[in-house]
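This one's a predicted model, so the numbers in the text were calculated from it and none came from an experiment.
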Amino acid sequence: VVAWSEWTRASLIEDYGVDPERIHLIPAGVEVPPVRPRAAHAGPLRLLFVARNFEAKGGNDLLAALQGLGGWELDVVTHSTVRPLPGVRVHNGLSPGSPELAELYSMADAAVLPTRGDASPFAVLEAMAAGLPIVATSVGAISEIVIEGTGLLVDPGDVEALHDILARILSDAELCQRLGEAGRARVIERFDAR
């Protein structure tokens with residue numbers, strides 16, 4: 001039996017009674033794009049949210065947390081319908097691995113996934129592989145992927161904490177760079193599909 005995370009491995013043992021000796025831990029892997037230097041730029045910070053289901057993956061929490069903060073733009077990649085808002089660009093129907101999605105990762109400054117339920121989201125791995133700092137929730141195996149120094153985690157549904165972390169990201173370019181570089185190094189070390 002193959003498990004992608006310790007979280008899944010523990011569930012197989014505790015919830016399904018699988019013999020631990022039969023379980024092999026092989027983390028999910030993503031393609032790591034060539035490194036793209038991230039230079040400081042004028043204008044708002046570009047945030048990226050990638051999730052098929054906007055509401056279930058915390059999209060509404062993200063919009064609420066951004067209230068009162070300035071200096072951001074948000075690209076939302078989803079299959080859901082999202083109402084138009086100032087500073088928010090919605091991209092529907094993009095496929096994983098598509099050139100359009102790769103371009104959005106390369107243009108973003110940070111990725112945000114405040115999901116209320118998830119296992120081991122590829123969007124987090126892809127963003128880290130692209131060198132983006134991550135803001136996510138500590139659900140499923142996300143805390144195994146986004147360890148200290150590679151991103152910032154909040155509890156699901158904690159809009160106030162999400163607001164505070166986004167304020168940090170928006171005001172600290174050095175923090176963004178450190179988290180992005182450390183996250184990319186972590187993906188190369190542990191989650192490179194090769």
Side-chain angles (χ1 to χ4, degrees), residues 27-52 54 57-59 61-63 65-66 69 71-78 87-91 94-115 118 120-154 161-193:
V30 293
E31 287 188 38
V32 179
V35 68
R36 178 179 85 84
R38 297 196 180 280
H41 60 82
L45 201 72
R46 288 190 71 161
L47 303 175
L48 179 62
F49 172 95
V50 178
R52 181 176 292 273
F54 183 76
K57 301 299 180 170
D61 290 343
L62 173 56
L63 294 178
L66 286 168
L69 295 175
W72 58 269
E73 305 177 320
L74 175 62
D75 285 292
V76 174
V77 177
T78 187
V88 178
R89 290 179 295 274
V90 179
H91 309 268
L94 298 185
S95 301
S98 70
E100 297 86 1
L101 182 55
E103 180 68 14
L104 288 172
Y105 278 118
S106 74
M107 293 176 7
D109 296 304
V112 186
L113 187 68
T115 180
D118 221 315
S120 184
F122 276 94
V124 169
L125 290 170
E126 289 170 339
M128 289 172 72
L132 298 177
I134 302 295
V135 175
T137 46
S138 53
V139 300
I142 292 176
S143 61
E144 293 176 46
I145 298 168
V146 182
I147 60 172
E148 186 171 343
T150 64
L152 302 168
L153 298 176
V154 298
L162 182 59
H163 174 90
D164 293 346
I165 283 181
L166 289 170
R168 281 182 64 198
I169 290 290
L170 292 168
S171 65
D172 193 340
E174 288 181 17
L175 174 64
C176 286
Q177 182 175 347
R178 278 195 318 271
L179 294 174
E181 289 173 357
R184 181 176 167 86
R186 175 143 175 83
V187 169
I188 290 169
E189 173 193 324
R190 179 135 175 94
F191 301 102
D192 187 337

[X] vs [Y] side-chain heavy atoms within contact, under 4.5 Å:
X: I142; Y: T115; value: yes
X: I169; Y: L45; value: yes
X: L132; Y: D109; value: no
X: L47; Y: E73; value: no
X: V90; Y: D75; value: no
X: V154; Y: S138; value: no
X: V76; Y: L48; value: no
X: F191; Y: I145; value: yes

Crowding at CZ, R89 (>12 non-hydrogen neighbours, <6.0 Å):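 Yes, the 6.0 Å shell around CZ holds more than 12 heavy atoms from other groups.
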L62 and L113: CA distance, side-chain angles, deciding distance, side-chain contact (heavy atoms from CB on, under 4.5 Å) verdict: CA-CA 8 Å; L62 173 56; L113 187 68; over 6 Å; no
How close do [X] and [Y] get, heavy atom to heavy atom, and via which atoms?
X: L69; Y: A167; answer: CD2-CB, 3.8 Å
X: Y105; Y: E126; answer: OH-OE1, 2.9 Å
X: V30; Y: A129; answer: CG2-CB, 4.1 Å
X: G149; Y: A182; answer: O-CB, 3.2 Å
X: A130; Y: P33; answer: CA-CG, 4.1 Å
X: G97; Y: L101; answer: N-CD2, 4.3 Å

First locate atom [atom1] of [X], then atom [atom2] of [Y], and finally report the distance between them rounded to the nearest 0.5 Å.
X: E103; Y: H91; atom1: CD; atom2: NE2; result: 10.5 Å
X: R186; Y: D192; atom1: CZ; atom2: CG; result: 13.5 Å
X: L170; Y: W72; atom1: CG; atom2: CH2; result: 9.5 Å
X: T150; Y: R190; atom1: OG1; atom2: CZ; result: 12.5 Å
X: Q177; Y: E181; atom1: CD; atom2: CD; result: 4.5 Å
X: D61; Y: T137; atom1: CG; atom2: OG1; result: 9.0 Å

Stepwise side-chain contact (heavy atoms from CB on, under 4.5 Å) test for V124 and V50: CA-CA 9 Å; V124 169; V50 178; over 6 Å; no
Worked verdict on R184 versus M128 for side-chain contact (heavy atoms from CB on, under 4.5 Å): CA-CA 5 Å; R184 181 176 167 86; M128 289 172 72; over 6 Å; no
Exam field: side chain T78 to backbone R52, donor-acceptor pair closer than 3.5 Å: yes
Pair S143-L153, side-chain contact (heavy atoms from CB on, under 4.5 Å): steps then yes or no: CA-CA 8 Å; S143 61; L153 298 176; 3.9 Å; yes
